[in-house]
Amino acid sequence: MFISRTIKNNSWNIWVIVSLVIVLALPLAIAFGLVWKSWPIFTKYPITSLLFQSNWQPTTGQFGFLPFILGSVAVTVAGFIIMVPLTLMPAIYLTQYASQRVWRIMQPVIDILAGIPSVIHGVFGVLVIVPFISGVIGPMVGRSTSGYTILA
């Protein structure tokens with residue numbers, strides 16, 4: 001069946017506009033849902049007490065977000081300190097100093113690693129890194145730990 005070029009172009013334009021509206025509306029809908037569901041806590045407690053209190057006991061009505069904020073900052077800083085040298089130095093070597101043979105070998109490896117979803121990295125962390133920290137690194141430094149630490 002023959003469909004005219006004008007109909008194809010118009011249907012494609014409509015599809016692009018609908019996709020654009022969805023892409024723009026989705027973050028707004030998520031933000032609205034978050035504000036709507038969290039509005040009761042914001043009307044009951046001032047934002048300063050939520051952000052700067054360190055006591056988290058929801059059953060007693062104490063909602064201090066400070067430990068979560070500081071934990072996120074600590075994990076981010078530790079990640080940067082550990083991973084920037086481990087990723088930047090090989091990248092500089094591969095792009096500036098490595099031979100073509102090394103680059104041809106490493107390029108598919110890098111592409112495969114880049115294609116692994118972050119969920120798989122998380123599962124690897126929970127199944128391998130956390131037990132390693134609790135079984136090897138914790139006892140090595142004289143600590144008993146579950147392994148679920150900032151290091152993991």
Side-chain angles (χ1 to χ4, degrees), residues 12-100 102-152:
W12 181 252
N13 289 340
I14 291 170
W15 171 246
V16 169
I17 290 170
V18 167
S19 299
L20 177 69
V21 168
I22 290 172
V23 166
L24 293 176
L26 194 58
L28 293 174
I30 291 171
F32 175 76
L34 287 172
V35 169
W36 181 53
K37 286 293 196 177
S38 62
W39 190 253
I41 198 168
F42 287 124
T43 58
K44 190 171 181 182
Y45 302 101
I47 189 76
T48 54
S49 71
L50 292 172
L51 291 177
F52 299 115
Q53 282 186 348
S54 62
N55 196 8
W56 176 262
Q57 294 179 343
T59 56
T60 62
Q62 296 177 344
F63 301 98
F65 296 147
L66 189 61
F68 303 109
I69 295 169
L70 293 179
S72 297
V73 169
V75 167
T76 303
V77 169
F80 272 113
I81 289 171
I82 293 170
M83 293 313 295
V84 165
L86 290 176
T87 57
L88 191 60
M89 296 305 159
I92 291 171
Y93 172 75
L94 285 173
T95 59
Q96 301 299 319
Y97 301 109
S99 66
Q100 285 296 321
V102 172
W103 175 245
R104 280 194 309 269
I105 292 169
M106 289 306 297
Q107 190 173 8
V109 173
I110 293 168
D111 290 342
I112 289 171
L113 288 174
I116 297 173
S118 58
V119 171
I120 303 301
H121 291 287
V123 170
F124 174 79
V126 169
L127 296 179
V128 176
I129 303 297
V130 169
F132 178 74
I133 290 172
S134 68
V136 176
I137 294 182
M140 189 178 1
V141 296
R143 297 282 176 138
S144 175
T145 177
S146 67
Y148 290 96
T149 63
I150 290 178
L151 182 59

**Student:** Are more than 12 heavy atoms from other residues, nucleotides or ligands located less than 6.0 Å from atom CD of Q57?
**Tutor:**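 Counting neighbours around CD of Q57, more than 12 heavy atoms of other residues, nucleotides or ligands fall under 6.0 Å, so yes.
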
**Student:** If every non-hydrogen atom of F63 is compared with every non-hydrogen atom of L50, which pair is closest and at what distance?
**Tutor:**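 F63 and L50 have their closest heavy atoms at O-CD2, 3.3 Å.
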
**Student:** Quick one: CD1 on I92 to OG1 on T87, what's the gap to the nearest 0.5 Å?
**Tutor:**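 Taking CD1 in I92 and OG1 in T87, the distance rounds to 9.5 Å.
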
**Student:** Between I112 and V109, is there a side-chain heavy-atom distance shorter than 4.5 Å?
**Tutor:**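 No, their side chains stay 4.5 Å or more apart.
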
**Student:** CD1 of I81 to CG of L86: how many Å apart, nearest 0.5 Å?
**Tutor:**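 Result: 12.0 Å between the selected atoms.
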
**Student:** Name each donor-acceptor pair under 3.5 Å that joins a side chain in residues 22-46 to protein atoms two or more places apart or in another chain, with its distance.
**Tutor:**
| unit_1 | atom_1 | unit_2 | atom_2 | d |
| --- | --- | --- | --- | --- |
| S38 | OG | L34 | O | 2.6 |
| T43 | OG1 | W39 | O | 3.4 |
| T43 | OG1 | P40 | O | 2.8 |
| Y45 | OH | G61 | O | 2.8 |

**Student:** Provide the closest heavy-atom pair for G147 versus A152 in the form atom of the first, atom of the second, distance.
**Tutor:**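 Looking at all heavy atoms of both residues, the shortest contact is O-CB, 3.3 Å.
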
**Student:** In Å, rounded to the nearest 0.5 Å, how long is the span from CE of M106 to CG of L94?
**Tutor:**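 Spacing of CE (M106) from CG (L94) equals 6.0 Å.
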
**Student:** If you measure from CG on L113 to NE2 on H121, what distance do you get to the nearest 0.5 Å?
**Tutor:** 7.0 Å

**Student:** Please report the closest heavy-atom contact between Y148 and V126, naming both atoms and the distance.
**Tutor:** OH-CG1, 3.8 Å

**Student:** Over all heavy atoms of both residues, which pair between S134 and T145 is shortest? Give the atoms and the distance, please.
**Tutor:**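 Shortest heavy-atom contact: CB-O, 3.3 Å.
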
**Student:** Kindly compute the distance separating CZ (F52) from CD1 (I47), expressed to the nearest 0.5 Å.
**Tutor:** 9.0 Å

**Student:** In Å, rounded to the nearest 0.5 Å, how long is the span from CG of N55 to OG of S49?
**Tutor:**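 If we round to the nearest 0.5 Å, N55:CG and S49:OG are 11.5 Å apart.
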
